[in-house]
Enquirer: 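What follows is a structure written as structure tokens; I'll ask about it next.
No hydrogens, no waters, no symmetry mates; every other heavy atom, side chains included, goes into these values. Here the structure is a predicted model, which means the values were calculated and not measured. Chain letters run A, B, ... following the sequence lines, proteins first, then strands; residues in each count from 1.
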Amino acid sequence: MKELVVVSGKGGTGKTSITASLASIAKEKIFVDCDVDAADLFLIMNPKKKETHQFSSGSKANIDLKKCVQCGLCKNHCHFSAISSQFKIDHIKCVGCGVCQFVCSSDAVSLEKNIGGEWYVSDTRFGELVHAKLGVAEDNSGKLVSIIRNKASEIAKEKNIDLIVVDGPPGIGCPVISSLTGCTDILVVVEPTVSGVHDMERVIKLATNFKLRTMVCINKFDLNQDMVNEVDLYCEQKNIKIVGKIPYSSVFNRAQNIGKNIFEYISGIEETSENTKDSQELARILFNMNEAIREQIFKEI
Amino acid sequence: MKIAIASGKGGTGKSSVAINLSYLLLEDGINVNLLDCDVEEPNCHLFLNNNITFEKETAAEVIIPKINSDLCIACRKCAEFCKFKAQTVFKISNKIEHLFFSELCHSCGGCFLVCPQKAISKSCREIGKIKEKHVDLLSYPLLKLIYGELNIMEAKSPPLIQKVKEFAGKISEEDKGNREDKNNGDGKTVTIIDAPPGTSCPALAAIDGCDLILLVTEPTVFGVNDLELAADMVDSLNIPYKIIINKSDDNDNLVEKFIKKKNVEILAKIPNEKNYAKAYSRGEIMVQTYPEIKKYYQPIMDYIKKQV
Amino acid sequence: MKLAISSTGINLDSLLDPRFGRAKYFIIIEDEQDESKFTSIDNVQNLNATEGAGIQTATLVIDQSVDAVITGNCGPKAFKLLKKANIKVFLSKGDISISSIIKEFKNNQLEEITEANVEGHW
């Protein structure tokens, strides 16, 4: 089974739009949206939820003010400044470590299980989608990511599906590490900007630690030729295949705004429309990219 | 005054707004401390590479336990206490073995407290770097850029974000006296915080304690969906916020629908121009390349100047 | 050799539990040559743990001073612990009873692993 994760380091380079355009990469595949704190893939895929699960993410402390004698020990020992001078717990700062409970002189602290969000298995017109919604201001996104990826690979094994496509989160921290652990291939979507290239290099360095097969796709390539050259050079040195160069195009936003992926949008526009030529060129580039990615993922090493 | 620039969605233009705003404030004689709290992928420094007059790098460390094997009796109280299961102890043929998983440790200090033998002492582990740079953009005043850079393979960014903010806090305390004495500027300082994307713990750590949040969005379905999540996050902290539409175009009504529901103000609209994107791609400060952009920032400037 | 086998039940007819950290039970066999001497231990507290199931279960098994573990999957943290305690890890697959696994073990049919065979999670 192959698992392709789409990442970028920098946010907003086009991960989700490109993930949605990979819908035609294989007949049977499962999608996972691992950007659990700002999930957007569902806006294109229009999922019909068939399973909903609660995500429990550790615990939070609670102080029973009736028992509290205001000795201040909990406040002094808390490393997260989560206890106010009125002995109320700030649930956003509390990590549930239990130190306050341990030091409490009047047995006033309890630890309560925290529900940090929900995750779902859904049907979509592109195949099954496993996705999640992390509660606002919650932590532990890495754990939620590993839960939904495990679920996707369970479904894939059960149904004999040999490809999972993952829309990854931005950054290089906990949810990204959790998205990369155990996957087979990554596609890095980079924009040719000073920041885009800097962030791409950091996320590829991270991927090197997982010994993953890496591909790069340059989005908005006509923005800056010098930066494109820099990406070309970097990839050549690292022996990374560039699978596509996509032009700066408003078609992505227009497709997204009516809930379609790029191929659906383009096949739906009128032949006479003034954008037809550009759109068809874009479709051709993306189609070739799909082919290149498929070949790369399934080739025998 | 502390202002955080945040957004649910990545790539909406947080860093760009943070840099341009800092530039314009300096131009008006206001001292600026710019904190890049997107420690996983810090970018502001890429735009402020010239005219650096001072540079300093400090290791950012978190506390971890160090066990003295001579005192340990393998009672395992530390392992039982640790809610994150970051350590365990066992005895193998009379030899005590400790295992510590640093990626699980939250540095809560619990194991130090529970150990009946006082066998656990504090040790440190580096999770990233804090960098301080002084940039001479407009000959005067200086821009102080402070940012964190998380080490690769390090999972948790909030501790580093907090350390960046503490570090900057110390600097502005020191400066307070200095600036007034030397009559540098008019003594006013604004702190601009460039927050990481998302709505979970890293974004929260960055915006916590600020006086105002500017939520940068773009007029797309993704942008507005994530703006709603970001607004909920800001509401959970009870901090006032305003909206900036970046890459504004004929789809702004998508954002306007949202602000009616929430009763919040759109403070500024920055148009979607490929030339602006190109200047950004070269790592330029946009208002320097295209001074006409200043007018779009004017409402933000007016609002901030009223507050300080 | 003293063995710990992850199990879905408490006797030798029970099937293997392919999970290590979240196995329901462990069957402890004093010596593979005499399988009548066995006990079962309940792993329910780790089965339901929100985090660190592998680490805790490994500690539980180490405390039984076994020489080898037989299970379906073993993650990196549990493996690190077992290695440190000089416990060998063997893999078995599928719907198979504990007594058949012991037979396979005696016939050297089980694969010993030198690193975790599944990825860890957070």
Side-chain angles (χ1 to χ4, degrees), chain A residues 8-13 16 35-38 40 43 58-59 77 79-80 92-93 95-99 102-103 111 134 136-142 169-178 191-196 198-199 202-203 205-206 209 220 223-224 226-227 248 250 253 256-257 259, chain B residues 7-13 15 38-41 43 46-47 63 81-84 103 106-110 113-114 150 152-158 196-204 208 218-222 225-226 229-230 232-233 235-237 249 251 254 274 277-278 280-283:
Chain A
S8 64
K10 179 168 162 33
T13 61
T16 303
D35 191 359
V36 293
D37 64 330
D40 288 335
L43 293 164
S59 30
H77 281 96
H79 281 208
F80 309 95
I92 290 169
K93 290 186 177 154
V95 300
C97 68
V99 165
F102 179 76
V103 297
L111 286 179
L134 188 69
V136 159
E138 285 292 342
D139 54 4
N140 238 334
S141 55
I172 58 159
C174 158
V176 180
I177 292 175
S178 198
E191 54 174 45
T193 64
V194 171
S195 5
H198 167 268
D199 295 358
R202 275 171 68 82
V203 80
K205 256 185 222 157
L206 175 68
N209 282 287
K220 309 177 194 170
L223 211 51
N224 187 328
D226 292 342
M227 295 314 292
Y248 186 92
S250 60
N253 282 353
Q256 174 200 122
N257 287 350
Chain B
S7 79
K9 185 173 171 347
T12 56
S15 302
D38 187 358
V39 300
E40 293 177 36
E41 297 288 19
N43 286 155
L46 300 170
F47 297 81
I63 295 167
F81 178 82
C82 181
K83 301 288 180 290
F84 314 104
E103 70 272 30
H106 283 58
S107 306
C108 72
L113 296 172
V114 297
L150 191 69
I152 307 269
M153 283 304 275
E154 202 56 64
K156 287 190 202 71
S157 56
T199 60
S200 60
C201 42
L204 266 167
D208 184 35
E218 54 186 40
T220 61
V221 168
F222 290 178
N225 178 66
D226 298 350
L229 298 170
D232 287 346
M233 165 183 76
D235 280 339
S236 76
L237 293 177
D249 61 16
N251 285 312
L254 288 169
K274 202 170 175 182
K278 283 186 175 171
Y280 171 86
S281 80
R282 296 187 295 262

Enquirer: So which of B/Ser15, B/Ala230, B/Ala277, B/Gly110 has the biggest tally of heavy-atom pairs under 4.5 Å with chain A?
Expert: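 Ranked by heavy-atom pairs under 4.5 Å with chain A, first place is B/Ala277.
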Enquirer: Please verify the inter-ring angle class for B/Phe84 with B/His106; under 30° counts as parallel, over 60° as perpendicular, anything in between as tilted.
Expert: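 Rings of B/Phe84 and B/His106: parallel, under 30°.
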Enquirer: Does any heavy atom of chain A fall under 4.5 Å from the side chain of B/Pro196, the backbone, both, or neither of them?
Expert: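 Looking at B/Pro196, nothing touches chain A.
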Enquirer: Applying salt bridge (charged side-chain N to carboxylate O under 4.0 Å, His left out) to A/Lys220 and A/Glu191, what does each step give before you reach the verdict?
Expert: CA-CA 6 Å; A/Lys220 309 177 194 170; A/Glu191 54 174 45; 3.5 Å; yes
Enquirer: Name the region of B/Asn225, side chain, backbone, both or neither, that has any atom closer than 4.5 Å to a heavy atom of chain A.
Expert: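 For B/Asn225, the contact with chain A is made by the side chain alone.
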Enquirer: Checking B/Thr199 against chain A: side chain, backbone, both or neither under 4.5 Å from a heavy atom?
Expert: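 It is both, since atoms from each part get that close.
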Enquirer: Considering only heavy atoms, which portion of B/Ser157 lies under 4.5 Å from any heavy atom of chain A: side chain, backbone, both, or neither?
Expert: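 Contact with chain A is absent: no heavy atom of B/Ser157 under 4.5 Å.
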Enquirer: Shorter than 4.5 Å, heavy atoms on both sides: which option in B/Gly283, B/Cys201, B/Gly13, B/Ser200 has the most such pairs with chain A?
Expert: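 Maximum pair count with chain A is reached by B/Ser200.
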Enquirer: Heavy-atom cut-off 4.5 Å, strictly under: side chain, backbone, both or neither for B/Asn251 against chain A?
Expert: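 Just its side chain gets close to chain A.
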Enquirer: Side chain from CB out, backbone as N, CA, C, O: work out which of these in A/Gln256 comes under 4.5 Å of a heavy atom of chain B, or both, or neither.
Expert: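 Contact with chain B: backbone and side chain both.
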Enquirer: Between B/Phe81 and B/Lys83, is there a cation-pi geometry (under 6.0 Å to ring centre, at most 45° from the normal)?
Expert: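 That pair qualifies as a cation-pi contact.
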Enquirer: Give, as side chain, backbone, both or neither, the part of A/Leu134 having an atom under 4.5 angstrom from any heavy atom of chain B.
Expert: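 Side chain only.
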Enquirer: Give, as side chain, backbone, both or neither, the part of B/Val39 having an atom under 4.5 angstrom from any heavy atom of chain A.
Expert: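 For B/Val39, backbone heavy atoms alone lie under 4.5 Å from chain A.
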Enquirer: B/Asp249 versus chain A, heavy atoms under 4.5 Å apart: side chain, backbone, both or neither?
Expert: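 Neither part; nothing is under 4.5 Å.
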Enquirer: Who are the side chain to side chain donor-acceptor pair (under 3.5 Å) partners of A/His198, not counting sequence neighbours?
Expert: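 Only B/Asn43 meet the side chain to side chain donor-acceptor pair (under 3.5 Å) criterion with A/His198.
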Enquirer: Holding to side chain to side chain donor-acceptor pair (under 3.5 Å), I want the full list of residues that pass it with A/Ser250, two or more places apart in sequence or in another chain.
Expert: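 Partners of A/Ser250 by the side chain to side chain donor-acceptor pair (under 3.5 Å) criterion, ordered by chain and then number, come out as A/Arg254.
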Enquirer: Pick one of side chain, backbone, both or neither for A/Ile92, based on which atoms fall under 4.5 Å of a heavy atom in chain B.
Expert: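 Just the side chain, heavy atoms under 4.5 Å.
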Enquirer: Between A/His77 (side chain) and A/Val99 (backbone), is there a donor-acceptor pair under 3.5 Å?
Expert: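 No, because the side chain of A/His77 does not come within donor-acceptor range (under 3.5 Å) of the backbone of A/Val99.
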Enquirer: Among B/Thr12, B/Val114, B/Ile63, B/Asp38, which residue has the highest count of heavy-atom pairs closer than 4.5 Å to chain A?
Expert: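 Among B/Thr12, B/Val114, B/Ile63, B/Asp38, the one with the most close pairs to chain A is B/Val114.
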Enquirer: Is it the side chain or the backbone of A/Val36 that comes within 4.5 Å of chain B heavy atoms, both, or neither?
Expert: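 Neither; nothing under 4.5 Å.
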Enquirer: Of the backbone (N, CA, C, O) and the side chain (C-beta and beyond), which part of B/Glu41 lies under 4.5 Å from a heavy atom of chain A, both, or neither?
Expert: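 Both parts, backbone and side chain.
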Enquirer: Determine the option with the most heavy-atom pairs under 4.5 angstrom with chain B, choosing from A/Gly11, A/Ser195, A/Gly196.
Expert: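 Of A/Gly11, A/Ser195, A/Gly196, A/Ser195 has the most heavy-atom pairs under 4.5 Å with chain B.
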Enquirer: Side chains of B/Ser281 and A/Leu223: closer than 4.5 Å at any heavy-atom pair?
Expert: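 Of all side-chain heavy-atom pairs linking A/Leu223 with B/Ser281, at least one is under 4.5 Å.
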Enquirer: Quick one: does any side-chain atom of B/Lys156 pair with a main-chain N or O of B/Glu103 as donor and acceptor, under 3.5 Å?
Expert: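 Yes, because the side chain of B/Lys156 sits within donor-acceptor range (under 3.5 Å) of the backbone of B/Glu103.
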Enquirer: Are side-chain heavy atoms of B/Leu237 and B/Asp208 found at a separation under 4.5 Å?
Expert: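 SC-SC contact between B/Leu237 and B/Asp208 confirmed.
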Enquirer: Considering only heavy atoms from C-beta outward, does the side chain of A/Asp40 approach that of A/Asp35 to under 4.5 Å?
Expert: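 Contact flag for A/Asp40/A/Asp35 side chains = no.
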Enquirer: Give a yes or no on whether the backbone of A/Gly9 and the side-chain of A/Arg202 come within a donor-acceptor separation of less than 3.5 Å.
Expert: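 No.
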Enquirer: Counting only non-hydrogen atoms closer than 4.5 Å, does B/Leu150 touch chain A with its backbone (N, CA, C, O), its side chain (CB onward), both, or neither?
Expert: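 Backbone plus side chain of B/Leu150, per the 4.5 Å heavy-atom cut-off to chain A.
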Enquirer: Is chain B contacted by the side chain of A/Pro192, its backbone, both, or neither, given a heavy-atom distance below 4.5 Å?
Expert: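 Just the backbone, heavy atoms under 4.5 Å.
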Enquirer: With the side chain counted from C-beta on, respond yes when A/Thr193 and A/Met227 share a heavy-atom pair under 4.5 Å apart, and no when they do not.
Expert: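 No, every pair of side-chain atoms sits at 4.5 Å or beyond.
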Enquirer: Just so I understand: if I count every heavy-atom pair under 4.5 Å between each of B/Pro197, B/Gly109, B/Pro202, B/Pro219 and chain A, which residue has the most?
Expert: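 Of the candidates given, the most pairs with chain A belong to B/Gly109.
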Enquirer: Against chain A, label B/Ser7 side chain, backbone, both or neither, depending on which of its atoms sit under 4.5 Å from a heavy atom there.
Expert: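 For B/Ser7, there is no contact with chain A at all, as no heavy atom is under 4.5 Å.
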